[in-house]
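Remarks on the structure that follows.
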Amino acid sequence: MSVEIKVPVLPESVADAGVATWHVSVGQSVSRDENLVDIETDKVVLEVPSPVDGVIVEIREEEGATVLGEQVIAIIKEGAVAGQEVSKEEAAPAPAAEAAPAEEESSDALSPSVRRLLSEHNLNSDNIKGTGVGGRLTKEDVEKHIQSAGAAAPVAAAPALGARDQKRVPMTRLRKTIANRLLQATNETAMLTTFNEINMKPIMDLRKQYKDVFEERHGCRLGFMSFYVKAVTEALKRFPEINASIDGDDIVYHNFFDVSIAVSTPRGLVTPVLRDTDQMSMADIEKKIRELAIKGRDGKLSVDEMTGGNFTVTNGGVFGSLISTPIINLPQSAILGMHKIQDRPMAVDGKVEILPMMYLALSYDHRIVDGKGSVGFLVTIKELLEDPTRLLLDV
């Protein structure tokens, strides 16, 4: 029995998607629930698992192709065994182009990833021995051939003076979406950034004192982000215009606190959401941030986890950034940038002390947030983080 593999149902806000990476090739055996292909939308990457055990007999859409929700992209012969000959009628439940004879290894029998490698390195598949089912060429075969050829090749002469190479790579859908949204935020908002700095010694001392007990009781590390999110939530309560957004000629004030956290992934920066942070403990925040970061790294964030958010916190300090001007995450009205903690000489009570300092940057939409509110919000963050007991006492 032939089983159609379809693109998952896409959210209403997503018109189409792209085929990102095939993890299987024609003729390969697959197991039920094995990930066959990654489908990339403007927001997330969706995995398409195999519904049955069987063999891939047709891949209809190659990597890079644009596809729609529920579109058929591959066919599996249920219960088939790799190497078993499958008739054309069995292979395709719907009329399709005639396949090449089973005994002939044509380029159509190669997986999209193999064809791409061959094209990039200008290789002929006939010159590479396949180790896959029935002698089929696999991606690993091509990679090994490239590595062995590189090792065996003599040292090439230095390129001619002035010779320069370049590589052109199409943007992924996620990268294009990020680029468009950043440009939109720059063009459509009256964006301004204000700065302040924080003495991080009180929080660092508190973490040092309680980190072992915290981890033992809650099963997670006590990081800085839980302090940041708690301080942001309290400041949002005091400055509701920063927890608001513009919709046409209206200002929408949100009476809940959903904070987006910027997470770096292999495919780009994404902003999953912590919902109802006013009801979360510091342990809840640490656990949820870790969960979202792992999902982001593995490409498993859901559309729901990426949707919404009234304010964004981004921490460039983990990459060594000393100071920056973050760009607003539309339709939000502001974003807070945290940075690298660095020892600096500071004047304290007429004396110079070396303290661990961190710059804060608040970018905000001046159409909705005035200078007084932005500075007051940032000063509130500073006061709460420099005296973290105020977070517990709500003062």
Cluster overlap [X] with [Y], hydrophobic side-chain contacts below 4.5 Å:
X: Tyr364; Y: Ile246; result: yes
X: Leu269; Y: Val45; result: no
X: Ile203; Y: Phe214; result: yes
X: Met346; Y: Met358; result: no
X: Val273; Y: Val232; result: no

For atom [atom1] of [X], is the number of surrounding heavy atoms from other residues, nucleotides or ligands below 6.0 Å larger than 12?
X: Lys287; atom1: NZ; answer: yes
X: Arg290; atom1: CZ; answer: no
X: Arg367; atom1: CZ; answer: yes
X: Phe195; atom1: CZ; answer: yes

I'd like to know whether Ile5 forms a side chain to side chain contact (heavy atoms under 4.5 Å, CB included) with Arg60, so could you lay out the CA-CA distance, the side-chain angles of the two residues, the decisive distance to 0.1 Å, and finally the verdict. CA-CA 10 Å; Ile5 304 303; Arg60 293 188 179 178; over 6 Å; no

In Å, rounded to the nearest 0.5 Å, how long is the span from [atom1] of [X] to [atom2] of [Y]?
X: Met191; Y: Thr189; atom1: CE; atom2: OG1; value: 5.0 Å
X: Met225; Y: Ile285; atom1: CE; atom2: CD1; value: 9.0 Å
X: Leu292; Y: Ile294; atom1: CG; atom2: CD1; value: 9.5 Å
X: Ile76; Y: Gln28; atom1: CD1; atom2: CD; value: 10.0 Å
X: Ile178; Y: Asn329; atom1: CD1; atom2: CG; value: 10.0 Å
X: Gln184; Y: Thr177; atom1: CD; atom2: OG1; value: 11.0 Å

Do Thr233 and Thr277 have a side chain donor and acceptor closer than 3.5 Å? yes

Are any non-hydrogen side-chain atoms of [X] and [Y] less than 4.5 angstrom apart?
X: Glu286; Y: Arg221; value: no
X: Glu70; Y: Val9; value: yes
X: Met357; Y: Ile341; value: no
X: Met280; Y: Val229; value: no
X: Met204; Y: Pro356; value: yes
X: Leu10; Y: Leu46; value: yes
X: Leu222; Y: Leu206; value: no
X: Glu47; Y: Asp38; value: yes

[X] side chain to [Y] main-chain N or O, any donor-acceptor pair under 3.5 Å?
X: Asn124; Y: Asp126; result: yes
X: Ser333; Y: Ile242; result: yes
X: Glu241; Y: Gly373; result: no
X: Ser363; Y: Ile335; result: no
X: Ser302; Y: Glu305; result: yes
X: Asp387; Y: Glu383; result: no
X: Asp53; Y: Gly79; result: no
X: Asn243; Y: Phe256; result: yes

Is it true that Glu234 and Arg238 have a side-chain N and a carboxylate O under 4.0 angstrom from each other? yes

Which heavy atom of [X] sits nearest a heavy atom of [Y], and at what distance?
X: Ile39; Y: Pro8; result: CG1-CD, 4.4 Å
X: Ser324; Y: His339; result: OG-NE2, 2.7 Å
X: Thr307; Y: Arg275; result: O-NH2, 2.5 Å
X: Ile56; Y: Ser25; result: CB-O, 3.5 Å
X: Ser29; Y: Val55; result: OG-CG2, 3.8 Å
X: Lys201; Y: Leu355; result: CD-CD2, 4.1 Å

Check the pair Leu378, Thr380 against side chain to side chain contact (heavy atoms under 4.5 Å, CB included), reporting the backbone distance first and the verdict last. CA-CA 5 Å; Leu378 209 52; Thr380 299; over 6 Å; no

Look at the aromatic rings of Phe224 and Tyr228 and report parallel, tilted or perpendicular, splitting at 30° and 60°. parallel

Give me the ring orientation class for Phe377 and Phe239: parallel if the planes are under 30° apart, tilted from 30 to 60°, perpendicular past 60°. perpendicular

If you apply the rule salt bridge (charged side-chain N to carboxylate O under 4.0 Å, His left out), what do you find for Arg344 with Glu197, and how did you get there? CA-CA 11 Å; Arg344 296 204 305 271; Glu197 59 184 352; 2.4 Å; yes

I'd like to check the side-chain hydrogen bond (donor to acceptor under 3.5 Å, both in side chains) partners of Asp284; sequence neighbours left out, ordered by chain and number. Ser281

Given the rule in the salt bridge (charged side-chain N to carboxylate O under 4.0 Å, His left out) test, do Lys351 and Glu353 qualify, once you have shown the distances and angles that lead to the verdict? CA-CA 6 Å; Lys351 298 180 181 179; Glu353 293 186 20; over 6 Å; no

Step-by-step side chain to side chain contact (heavy atoms under 4.5 Å, CB included) determination, Val7 to Leu68: CA-CA 7 Å; Val7 176; Leu68 303 176; over 6 Å; no

List the steps and the verdict of side chain to side chain contact (heavy atoms under 4.5 Å, CB included) for Met306 and Val303. CA-CA 5 Å; Met306 297 282 292; Val303 173; 5.8 Å; no

